[in-house]
Student: 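Dropping a structure here in structure tokens format, bear with me for questions.
Computed from heavy atoms alone, side chains included, the values below leave out hydrogens, waters and symmetry copies. Residue numbering restarts at 1 for every chain, and letters A, B, ... go by the order of the sequence lines.
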Amino acid sequence: MSRNVQEEIKKAVTSHDIVLYMKGTPVFPQCGFSSTVVQILDYLGAEYESFNVLDDPEIRQGIKDYNNWPTIPQVFVKGEFIGGCDILREMFETGELKSLLAEKNITSAA
Amino acid sequence: MGKIATAIKEKLTKAFNPSQLEVRDESHKHAGHAGASAHAAEHGSSESHFHVIIRSNAFEDMSRLAKHRAVMEVLAEEMKTIHAFSLDADAG
């Protein structure tokens, strides 16, 4: 049976509070933008599920199609696409990200 | 300014009539890292990393996502060949 990447992504982003599609892993990010997002989420003590798109070319293309968003990283909160690195950083700096997580009742790992 | 940077500048100027526009080619900062070398080999260009600062009335009342989407749509062609793109877009 052929793989349904769009369905896989939908399932992933809706079954975890926070999902991060990134290059590399949280421990070894392979891209500066992905690394920034990891640092922000870790700083907020947020638990998240991450997917390394470098390990999976179909997901790498699939996630761009899913959102019609051409770049990686991509962050989802409760299934909703929030943005990439620039948007996360802006939301972090203004405190909006913290409020969003609190609003959505997302428990911190800390 | 390189070919891609010039194209980015022209397209954004045309689309948003910005009050401020800065297109920075930051590729030199990344020269030598794995992504940058692979990029140069694949696309035959060292123009790979861009940072854009843009202020325009067109962004009035738009959400962050909407602003980014509007810019990326205009630059769809360039987005395919560049390796990294960061954006600071706001109304003004």
Student: Look at atom CD of Glu49(A) and say whether more than 12 heavy atoms of other residues, nucleotides or ligands are closer to it than 6.0 Å.
Tutor: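 Enclosed.
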
Student: Please give me the minimum heavy-atom distance between Arg64(B) and Thr94(A), naming the atom from each residue.
Tutor: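 That closest heavy-atom pairing would be NH2-CG2, 3.9 Å.
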
Student: Is chain A contacted by the side chain of Ala76(B), its backbone, both, or neither, given a heavy-atom distance below 4.5 Å?
Tutor: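 Answer is neither: Ala76(B) stays 4.5 Å or more from chain A.
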
Student: Does CD in Glu73(B) sit with more than 12 non-hydrogen atoms of other residues, nucleotides or ligands closer than 6.0 Å?
Tutor: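 Check fails, neighbour count at 12 or below.
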
Student: Would you name the heavy atoms of Phe33(A) and Phe85(B) that are closest together and state the gap between them?
Tutor: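 Residues Phe33(A) and Phe85(B), closest heavy atoms: CE1-N, 4.2 Å.
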
Student: Apply side chain to side chain contact (heavy atoms under 4.5 Å, CB included) to Asn68(A) and Arg69(B), showing your working.
Tutor: CA-CA 9 Å; Asn68(A) 185 27; Arg69(B) 278 198 198 284; 4.2 Å; yes

Student: Report yes or no: do Ile53(B) and Ile4(B) belong to one cluster of Ile/Leu/Val/Met/Phe/Trp/Tyr joined by side chain heavy-atom distances under 4.5 Å?
Tutor: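 No, because Ile53(B) and Ile4(B) fall into different hydrophobic clusters, even though each may have its own neighbours under 4.5 Å.
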
Student: Quick one: do Ile82(B) and Met1(B) end up in the same hydrophobic cluster if we chain Ile, Leu, Val, Met, Phe, Trp and Tyr together by side-chain heavy atoms under 4.5 Å apart?
Tutor: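 As far as the 4.5 Å side-chain criterion goes, Met1(B) and Ile82(B) are not connected within one cluster.
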
Student: Following the transitive rule for hydrophobic clusters with a side-chain heavy-atom cut-off under 4.5 Å over Ile, Leu, Val, Met, Phe, Trp and Tyr, establish whether Leu54(A) and Val37(A) coincide in one cluster.
Tutor: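 No; Val37(A) is not reachable from Leu54(A) via cluster members.
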
Student: Which atoms of Lys23(A) are under 4.5 Å from chain B, going by heavy atoms: the side chain, the backbone, both sets, or neither?
Tutor: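 Contact with chain B involves the side chain of Lys23(A) alone.
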
Student: Roughly how far apart are Ile87(A) CD1 and His68(B) NE2, rounded to 0.5 Å?
Tutor: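 Nearest 0.5 Å value for the CD1-NE2 distance: 4.0 Å.
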
Student: Assess the residue pair Asp86(A) and Asp88(B) against the criterion (side chain to side chain contact (heavy atoms under 4.5 Å, CB included)); give the C-alpha distance rounded to whole Å, side-chain angles, the decisive distance to 0.1 Å, and a yes or no.
Tutor: CA-CA 7 Å; Asp86(A) 292 326; Asp88(B) 174 357; over 6 Å; no

Student: Just wondering, more than 12 heavy atoms not from Lys98(A) lying within 6.0 Å of its NZ?
Tutor: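 Atom NZ in Lys98(A) is not packed in, count stays at 12 or less.
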
Student: Flag the pair Lys67(B) and Glu90(A) as a salt bridge only when some basic side-chain nitrogen lies within less than 4.0 angstrom of an acidic carboxylate oxygen.
Tutor: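 Salt bridge absent between Lys67(B) and Glu90(A).
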
Student: Is Ile72(A) in contact with chain B via its backbone, its side chain, both, or neither, using a 4.5 Å heavy-atom distance?
Tutor: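 Neither; nothing under 4.5 Å.
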
